[in-house]
Number of protein chains: 2
Amino acid sequence: MPGQTETSVRETRIMLQTGLSRATMDEQVPRDFETLRATILDRRESLPKRIAQIAAYALDNPDDIAFGTAASIAASAGVQPSTLIRFAQQLGFDGFTSLQQVFRERLRERNSSYDERLQALRAKAEGGAGHRAIFDGFIAAASTSLNDISRTLDDAHLEEAISLLAKAQTIYVLAKRRSYPVATYIAYALGKLKIRNQLIESAAGLNAEMVGFATPADAVIAISFSPYAPATIEEARTISEQGVPIVAITDSSFSPLAQFARVWFEVAEADFAGFRSLSATMALAMALTVGVGEKRRDVGRKRKA
Amino acid sequence: MPGQTETSVRETRIMLQTGLSRATMDEQVPRDFETLRATILDRRESLPKRIAQIAAYALDNPDDIAFGTAASIAASAGVQPSTLIRFAQQLGFDGFTSLQQVFRERLRERNSSYDERLQALRAKAEGGAGHRAIFDGFIAAASTSLNDISRTLDDAHLEEAISLLAKAQTIYVLAKRRSYPVATYIAYALGKLKIRNQLIESAAGLNAEMVGFATPADAVIAISFSPYAPATIEEARTISEQGVPIVAITDSSFSPLAQFARVWFEVAEADFAGFRSLSATMALAMALTVGVGEKRRDVGRKRKA
DNA sequence: TATGGATTGGAATTATTATTTCATATTGCT
DNA sequence: AGCAATATGAAATAATAATTCCAATCCATA
């Protein structure tokens, strides 16, 4: 019997079961994972027990659905393979295989290098594709930056920077403009960890004096990206000439900050709509801060013992 | 004939072909994608033409290998299925299926829900696993938060908030403590976009006066997460009583901020080592800011036309 | 340019996996 | 409680896909 007849017989049966016309059916089949997810959550209540069981499993373990065989998935979820297929059919798919496609597509999508997605989103936003596109762009930029930094960060530098900062009496935090939010976050976190710190703010114009108090027993976290705020560079220079060690977060080895720094990190943030992400810098800043907190605790313990 | 015999016959044949003992073979089979990649690049020169062809294809289209069938992959790469299997065997696998596992594992790894990774990292960091673990933890927390928000953000709310803010004469930005970095970033970005704004700072203790200037023609972006800074809530209340519309970013519908807000966003940030990520909030903040910038430009253009 | 070995193509075979079927159990309703 | 409709389990079957086999081809070397 030719495949075509086979298929149409199957379709007829499903249509009878669900009471839907073919056209309606097609419209309702969720093609992408998010729609599928929503559909499942929507119908969760009205699903039979076993079907609900596999539905829950599917949302909890999407990767297993993407890669497993009907039998293996059914076993993990504690149902029969046939139930899995019924589940797929209830959702409007014509079998497990086509349901699985959606789960596979999801992995492909997610994995398609964020760089590519970012390109696409930039183009989309340029074309005036609404505010959601802008939002997605910032999400993508942040994700890209996180991926990048987690690939490129050098563990040894991290250790070195943390040791250096852990020894400091006071940690000075130096950043302006775009980097300023990071500085305020560091200051907040250091404060919560009871680590003495001083944010070098520009408001009152007393920076020079503030900087003057730092000694070689202290340390500085300085953050600046191109175009480097002249004030940051100036203050970094002064403070390094006083012999205060500097940990710098910046964006290239040509950065003037890198020259003054005892340890420096190169962080490449992706940008979108003219604004660079801060997510990678933030993550690094937090790691430094909490790392210093940990280190001090450890040292304290050792001294007591 | 039982499967076991079948298998051992196959193994013997391969061993003869490659001239390796079983023990040596096992050591050489690349288990993870990176090793496999290196192995392929290493042997690239010495591979026969068709095998080299599929090798190149595999490195260029790893996703296809992960998802395709031997036949479909072979067709895309322009070779016979049998060649694909020979390729796998040359690398020490016992067939296409086990080669494919490596490509699938790669996708799983990359994609392994950040939540799970976060759990693992938290445990690791607790156990004092060094500073890299802390860093990875913050990266994972940030990624999780980004994933979450991009799933849950409501487009309609975004549009509404942007329209509201775009109409404002002055945008006031209100946030303390942990949220303060976001506020400074918003203020920075609004400034760069030439949008009049006022950061409500606490330094000089003049908040009450500042807040008093706001009128219903203005708008507020208020950001606060549990435990809500009392000052933020107080100022939000006052300002909303003056009839100034508020766009709030907060963490639950029970948040006091949500009560005063015209539009509010629920942002669930993952935490690590006691500090919550800010990445999702930052992304949303940037989308709002740039969205307002776009909207004003559009409106300006329309007026001229 | 002949010859042996390696490589390749394509069909045949075998294994695996999805799907269907049907008997049985459960549920909801009168 | 009894009936019909629905849901479930388990095995049989159909479909699909991986693997093997063998003949044909290519390539290096004498």
Side-chain angles (χ1 to χ4, degrees), chain A residues 1-14 16-19 43 45-55 57 64-91 93-101 103-104, chain B residues 1-14 16-19 43 45-55 57 64-91 93-101 103-104:
Chain A
M1 192 185 276
Q4 235 184 342
T5 312
E6 199 67 53
T7 308
S8 69
V9 165
R10 191 191 291 161
E11 275 177 3
T12 309
R13 215 173 49 71
I14 296 167
L16 291 173
Q17 279 183 348
T18 59
R43 301 199 197 159
E45 301 302 318
S46 66
L47 291 174
K49 193 170 60 163
R50 290 268 113 112
I51 308 266
Q53 189 174 328
I54 192 84
Y57 182 87
D64 287 355
I65 306 279
F67 290 124
T69 66
S72 72
I73 296 164
S76 310
V79 302
Q80 291 289 324
S82 43
T83 307
L84 181 47
I85 285 158
R86 288 181 194 119
F87 168 60
Q89 288 173 344
Q90 285 236 359
L91 291 166
F93 296 96
D94 58 48
F96 165 70
T97 311
S98 32
L99 169 71
Q100 192 177 41
Q101 287 313 110
F103 283 79
R104 293 189 163 183
Chain B
M1 194 186 277
Q4 236 184 340
T5 312
E6 200 66 56
T7 309
S8 69
V9 165
R10 191 192 289 160
E11 275 177 5
T12 308
R13 217 172 47 70
I14 296 166
L16 290 173
Q17 279 184 347
T18 59
R43 302 201 198 158
E45 301 302 318
S46 66
L47 291 174
K49 195 169 61 165
R50 290 270 117 112
I51 308 266
Q53 189 175 328
I54 193 84
Y57 182 87
D64 287 355
I65 307 280
F67 291 122
T69 67
S72 72
I73 296 165
S76 311
V79 301
Q80 291 289 325
S82 42
T83 306
L84 181 45
I85 285 157
R86 288 180 196 121
F87 168 60
Q89 289 174 343
Q90 285 236 357
L91 291 166
F93 297 96
D94 57 48
F96 165 69
T97 311
S98 33
L99 169 72
Q100 193 178 41
Q101 288 313 110
F103 284 78
R104 292 188 163 181

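We name chains A, B, ... by the order of the sequence lines, and we start the count at 1 in each one. Everything quoted here is computed from the prediction, not taken from an experiment.
- For A:F96, counting side-chain heavy atoms from C-beta on, the closest listed nucleotide (D:dA17, C:dT8, C:dT19) is C:dT19.
- With sequence neighbours excluded, no residue forms a side chain to side chain donor-acceptor pair (under 3.5 Å) with B:R104.
- Side-chain atoms of B:P48 lie closest to C:dT8 of the nucleotides D:dT8, D:dA18, C:dT8.
- Across the protein-nucleic acid pair, A:Q53 atom CD and D:dT8 atom P stand 9 Å apart, rounded to whole Å.
- Remark: C1' of D:dT16 and CD1 of B:I73 are 14 Å apart, rounded to the nearest angstrom.
- The side chain to side chain donor-acceptor pair (under 3.5 Å) pairs that include a residue from residues 70-81 of chain A are A:T69-A:S72, where partners are two or more places apart or lie in different chains.
- Axis angle across the helix from C:dT1-D:dA30 to C:dT30-D:dA1, with five pairs used at each end and values rounded to 10°: 30°.
- Between A:R43 atom CZ and D:dA7 atom P there is a gap of 13 Å when expressed in whole angstrom units.
- Applying the side chain to side chain donor-acceptor pair (under 3.5 Å) rule to A:T97 yields no partners; only residues at least two apart in sequence or on another chain are considered.
- You'll find the ring centres of B:F67 and A:F67 inside the 6.0 Å limit.
- If you check residues 77-85 of chain A against DNA chain D, the residues with a heavy atom closer than 4.0 Å are A:Q80, A:S82, A:T83, listed by number.
- Taking atom CD of B:Q89 as the reference point, atom P of C:dT8 lies 14 Å away to the nearest angstrom.
- Taking atom CZ of B:F87 as the reference point, atom P of D:dT20 lies 17 Å away to the nearest angstrom.
- Applying the salt bridge (Lys or Arg N to Asp or Glu O under 4.0 Å) definition to pairs two or more places apart or across chains, those involving residues 64-91 of chain A are A:D64-B:R108.
- For A:Q100 and C:dT17, the CD to P distance is 11 Å, given to the nearest whole Å.
- If you take CD of A:Q90 and P of C:dT19, they are 15 Å apart, rounded to a whole angstrom.
- Taking atom CD1 of B:I51 as the reference point, atom P of D:dC26 lies 17 Å away to the nearest angstrom.
- Residue A:G95 comes nearest to A:A88 through the heavy atom pair O-CB, 3.5 Å, listed as atom of the first residue, atom of the second, then distance.
- Take B:I73 and apply the side-chain contact (heavy atoms from CB on, under 4.5 Å) test, not counting sequence neighbours, and it matches B:I54, B:Y57, B:I65, B:L84, B:F96.
- Under the side chain to side chain donor-acceptor pair (under 3.5 Å) criterion, B:Q53 pairs with B:R50, sequence neighbours left out.
- Looking at heavy atoms from C-beta onward, B:Q89 lies out of side-chain contact with B:D94 at the 4.5 angstrom threshold.
- For the pair A:A71 and A:R86, nearest-nucleotide mapping onto DNA chain C gives the more 5' position to A:A71.
- Minimum interatomic distance between B:P81 and B:A71 (heavy atoms only, all atoms of both residues): CG-CA, 4.3 Å.
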Could I get a table of every N or O pair under 3.5 Å where one atom is in the protein and the other is in nucleotides 23-28 of chain C?
none

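- With sequence neighbours excluded, the residues forming a ring-ring contact (aromatic ring centres under 6.0 Å, His included) with B:F103 are B:F33, listed by chain and number.
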